[in-house]
Structures are given as C-alpha cells and as structure tokens.
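To start, the structure itself, in structure tokens.
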Amino acid sequence: PISPDDLEAAAEGRPWVFLVTASSGSEPAHVVSLAVGWSGGGVMQLAVGEGRAARNIAAGSSPVVVFPPGGSGERADYSIIVDGEASLDGGVLTITPSGAMWHRPAR
C-alpha cells in the first residue's frame with residue numbers, strides 16, 4: 001500500500017495517468033490518458049473536459065487512476081493503482097485517494 005500523504009512522492013517522474021471510468025449501462029470501461037496535477041495529501045486534479053469520462057463520473061462511476069511504470073528508483077518498473085472519491089467542477093476532476101498500491105510488472 002501507499003499512503004495518500006506519500007502518493008505524490010511515489011509518483012514522482014510520472015506526469016500522466018490513465019483514468020478508468022465506467023458507465024452504468026452496457027458500454028465498456030472508458031480509458032483516457034491525462035496529465036496529473038497535485039494539491040497535497042495525494043489529492044489529484046485531472047482536466048477531463050465534458051466528454052465521456054466526465055459523464056461517467058457525473059453518473060456515479062468511481063474512478064480508478066493508473067500511473068504507468070516510469071520515474072526513477074527501485075520501483076520504476078511498477079505501476080501505481082489508485083482508487084478514490086471524485087468530484088467534478090468545470091471539467092476538472094478532483095480525486096481524493098481512498099487507497100493506492102504498487103503493482104508489480106508481469107513476469
């Protein structure tokens with residue numbers, strides 16, 4: 001696990017993420033890559049605009065954020081997966097993490 005207070009440091013050198021959302025209907029999951037901004041305590045801001053990801057979040061989808069491998073250090077080949085609470089305002093998605101973890105590469 002990664003604590004919210006340590007998340008920004010853990011993700012250092014990883015300037016973008018995959019945001020995964022789902023609709024309440026039969027559509028498949030939606031994945032988009034976005035730049036990530038930080039406001040402390042692991043809280044992230046993602047500019048999602050008003051497209052499908054924003055509609056999924058507005059309909060109640062819980063977001064999943066995936067930092068792909070990168071950065072430096074002993075876990076540079078690991079991904080980081082983050083679950084969180086989302087709020088949407090003017091096309092900017094704010095995610096307050098409820099859980100985060102390292103995910104090892106496939107072997």
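Quick caveat, the model's predicted, so the values are computed rather than measured.
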Would W102 and I80 satisfy side-chain contact (heavy atoms from CB on, under 4.5 Å), going step by step from the backbone distance to the final call? CA-CA 5 Å; W102 294 103; I80 299 171; 3.7 Å; yes
Taking G70's backbone N and O only, do any of them form a donor-acceptor pair with R14's side chain (distance below 3.5 Å, no angle check)? yes
Determine whether W16 and I95 fall in the same hydrophobic cluster, where Ile, Leu, Val, Met, Phe, Trp and Tyr are linked whenever their side-chain heavy atoms lie under 4.5 Å apart. no
Rounded to the nearest 0.5 angstrom, the CZ-CD1 distance for F67 and I81 is 11.5 Å
Quick one: closest heavy-atom pair of P63 and G84, and the distance? CD-O, 3.6 Å
Under a single-linkage definition using a 4.5 Å side-chain heavy-atom cutoff for Ile, Leu, Val, Met, Phe, Trp and Tyr, are V36 and V31 assigned to the same hydrophobic cluster? no
Closest non-hydrogen atom pair between D5 and G41, with its separation: OD1-CA, 3.7 Å
In Å and rounded to the nearest 0.5 Å, what is the CG to CZ distance from L88 to R55? 11.5 Å
Spell out, yes or no, whether M101 and F18 are grouped together once hydrophobic residues are joined by side-chain heavy atoms under 4.5 Å, including indirect joins. yes
Under 3.5 Å, side chain of S61 to main-chain N/O of A22, donor-acceptor pair present? yes
Please name the pair of heavy atoms, one in S79 and one in P69, separated by the smallest distance, quoted to 0.1 Å. OG-CD, 3.4 Å
Assigning hydrophobic clusters by single linkage (Ile, Leu, Val, Met, Phe, Trp, Tyr; side-chain heavy-atom cutoff under 4.5 Å), is V32 placed with V66? no
Ionic contact status for E27 with R52, cut-off 4.0 Å: yes
Using a distance-only test with no angle check, is there a side-chain donor-acceptor pair under 3.5 angstrom linking S39 and Q45? yes
Closest non-hydrogen atom pair, G71 against A76: O-CB, 3.9 Å
side-chain contact (heavy atoms from CB on, under 4.5 Å) assessment of L93 paired with I57: CA-CA 9 Å; L93 178 63; I57 293 295; 3.8 Å; yes
Please lay out, stage by stage, how V82 and M44 fare under the test side-chain contact (heavy atoms from CB on, under 4.5 Å). CA-CA 10 Å; V82 183; M44 296 172 272; 3.7 Å; yes
Between R104 and Y78, is there a donor-acceptor pair closer than 3.5 Å when you use the side chain of the first and the backbone of the second? no
Residue from L19, T21, V20, V48 passing side chain to side chain contact (heavy atoms under 4.5 Å, CB included) with N56: T21
Give, for atom CG of L7 and atom CD of E12, the distance between the pair rounded to the nearest 0.5 Å. 12.0 Å
